[in-house]
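Predicted model, so just to flag it, every value in this text is computed and none were measured. FYI, side chains are in, hydrogens and waters are out, and symmetry mates aren't considered; it's all heavy atoms of this structure.
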Amino acid sequence: LLKCLRRRGEKKMTAALESTCEETVLKALNEVLNEPTIVKECVDRASFCNQLLTALKNHNSLAVTIAEVFATLGREEYFRSVAAECGVITALTPLLASTRDVRLQALRAVGNLCFDNDLCRKQLMGSDGCPVLAGMARECSVPLPEPLSSRMKCVVCGCLLNACNNNEELCKEMLGLKVETALIELLAREGEDEAVLQMALKALNTLLCSEAVSLDGLVTSPLPKVLSTLLHQLVDQDFDLFDGIHQVLDTLVENENWQVAIVDSHIAEQLLAMANQELQKKALDIIVQLLKNGNYLCWFQFFFPCSFLWREERGI
């Protein structure tokens, strides 16, 4: 009986999505947003997904709501597989050039659907989504007559993070489009929201972990100064922001030229000066990696600061 009722509800929802009346379609979309689990219970999820795509094609004014539905459902692994089979990313890519409200939801949808799904990522590359996404990253990093909201910037960075994470092909594409430069410029902007900085650091680190990146080339970029400035602005309770900085430094410190750059730009001194004990433990991880390298400049600069730190810890 329960199965019959679910099937009846599924048919009713499908019929509503097929309606030519926008009000009826909107009502069905809002039902999904209010209770996303009803899609998981559908017998034919692919058919439902295709109905959403048809509604997107027939009702332009509902694009923002339909994109939001894809974004909400895209959090679930089962739906990412269905969406990949139905080519949802290809249909969503043109929305990235629409109004800001539509772009925001379309970005959320693309980012969620691309999370850990290589087929969706291939569709993003095949539909020319990468240049559009790179262009949006640049928009985040430059002054505009109508500045992007902090939420939009977070979503752009989150989309980059989800799309590029552990995917060399997409990382290579984004690096070729100089997305890492846009992220560094975003991190350098004064007065930027902390949530934006956190997401930008995570997205940047994903690209820095790629085999296609030239870490040596970034030594002469503004990145050392940017990281030093972010450390200087930290307060004791900025655990999440420091985690992002730590992840980036942990990636960079494996490079010999960056080991010198971390010392020369006073980042190492700033790490040693961390007052909060929780932050200090992670900071010392980077210091240890620097010293393990055997760089005499590092040893010379750290000998006295480290000895004083040891004395303070011991109570001497």
Side-chain angles (χ1 to χ4, degrees), residues 157 160-161 164-166 168 171 175 180-181 183-184 186-188 192 194-316:
C157 293
L160 286 168
L161 172 64
C164 295
N165 192 37
N166 294 323
E168 277 297 315
C171 281
L175 287 165
E180 78 284 7
T181 302
L183 291 172
I184 293 170
L186 174 57
L187 290 168
E192 198 57 75
E194 186 176 316
V196 175
L197 296 175
Q198 290 173 24
M199 290 305 299
L201 284 164
K202 289 178 181 179
L204 176 62
N205 191 54
T206 297
L207 295 175
L208 295 181
C209 290
S210 169
E211 294 177 2
V213 73
S214 171
L215 293 181
D216 290 331
L218 289 173
V219 169
T220 55
S221 76
L223 185 55
K225 184 179 178 182
V226 167
L227 292 173
S228 178
T229 302
L230 289 174
L231 282 170
H232 181 71
Q233 294 170 351
L234 275 178
V235 295
D236 285 351
Q237 301 304 317
D238 284 341
F239 296 110
D240 292 335
L241 183 56
F242 181 73
D243 274 343
I245 299 170
H246 178 269
Q247 287 174 17
V248 171
L249 288 173
D250 196 44
T251 300
L252 296 173
V253 78
E254 296 180 9
N255 179 278
E256 190 172 324
N257 289 326
W258 264 100
Q259 290 165 2
V260 176
I262 288 171
V263 176
D264 288 346
S265 57
H266 306 292
I267 291 173
E269 293 175 31
Q270 291 171 292
L271 293 172
L272 278 171
M274 289 288 171
N276 185 286
Q277 287 188 346
E278 290 300 315
L279 297 183
Q280 198 178 81
K281 288 176 183 177
K282 290 192 173 184
L284 288 174
D285 288 342
I286 305 297
I287 302 300
V288 169
Q289 291 186 62
L290 284 169
L291 296 178
K292 276 183 178 179
N293 181 52
N295 186 303
Y296 292 109
L297 178 63
C298 295
W299 279 102
F300 179 77
Q301 291 200 14
F302 291 132
F303 177 79
F304 289 107
C306 285
S307 65
F308 286 124
L309 184 67
W310 181 82
R311 289 177 188 175
E312 184 182 339
E313 191 73 24
R314 289 282 190 170
I316 296 174

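- At a threshold of 4.5 Å between non-hydrogen side-chain atoms, the residues Leu215 and Val213 count as touching.
- For the pair Gln259 (side chain) and Val253 (backbone), a donor-acceptor distance under 3.5 Å is present.
- Remark: side-chain polar atoms of Gln247 are not paired, donor with acceptor, to backbone N or O of Lys202 under 3.5 angstrom.
- Residues Leu284 and Leu271 form no side-chain contact, since every pair of their non-hydrogen atoms from C-beta on lies 4.5 Å or further apart.
- For the pair Leu252/Leu227, a side-chain contact is recorded, criterion being any heavy-atom separation below 4.5 Å from C-beta on.
- A donor atom on one side chain and an acceptor atom on the other are not found under 3.5 Å apart for Gln198 and Asp243.
- A distance of 4.5 Å separates CD1 in Ile286 from CG in Asp250, rounded to the nearest 0.5 Å.
- For the pair Lys225/Ser265, no side-chain contact is recorded, criterion being any heavy-atom separation below 4.5 Å from C-beta on.
- With values rounded to the nearest 0.5 angstrom, Leu197 atom CG is found 11.5 Å from Met199 atom CE.
- Residues Leu249 and Ile262 meet the side-chain proximity criterion, which asks for heavy atoms closer than 4.5 Å.
- Residue Thr251 comes nearest to Cys209 through the heavy atom pair OG1-SG, 3.7 Å, listed as atom of the first residue, atom of the second, then distance.
- A distance of 12.5 Å separates CD1 in Ile267 from CG in Leu272, rounded to the nearest 0.5 Å.
- Pairing each heavy atom of Glu168 with each of Ala212, the nearest pair is OE1-N, 3.8 Å.
- Summarising the geometry of Cys164 relative to Cys171, their closest heavy-atom pair is O-SG, 3.3 Å, with the distance given to 0.1 Å.
- Between the side chain of Ser221 and the backbone N or O of Gly217 there is no donor-acceptor pair closer than 3.5 Å.
- In plain terms, the two heavy atoms of Trp258 and Pro224 that are nearest each other are CH2-CG, 3.4 Å.
- Without hydrogens or angle criteria, His246 side chain to Ala283 main chain gives no donor-acceptor distance under 3.5 Å.
- A heavy-atom distance below 4.5 Å is not found between the side chains of Asn255 and Leu218.
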Q: Apply the test side-chain contact (heavy atoms from CB on, under 4.5 Å) to residues Leu201 and Leu183: give CA-CA distance (whole Å), side-chain angles for both, the deciding distance (0.1 Å), then the verdict.
A: CA-CA 8 Å; Leu201 284 164; Leu183 291 172; over 6 Å; no

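- Interatomic distance, CG of Leu223 versus CG of Leu230, reported as 9.0 Å (0.5 Å rounding).
- The structure places OG of Ser210 at 11.5 Å from CG of Asn205, a figure rounded to the nearest 0.5 Å.
- Interatomic distance, Leu290 CG to Asp285 CG, rounded to the nearest 0.5 Å: 11.0 Å.
- No side-chain heavy atom of Leu204 sits under 4.5 Å from any side-chain heavy atom of Leu186.
- Between Ile245 and Leu234, the closest side-chain pair of non-hydrogen atoms falls below 4.5 Å.
- The backbone N or O of Leu208 sits nowhere less than 3.5 Å from a side-chain atom of Glu180 that would complete a donor-acceptor pair.
- Residue Ala200 comes nearest to Leu187 through the heavy atom pair CB-CD2, 3.7 Å, listed as atom of the first residue, atom of the second, then distance.
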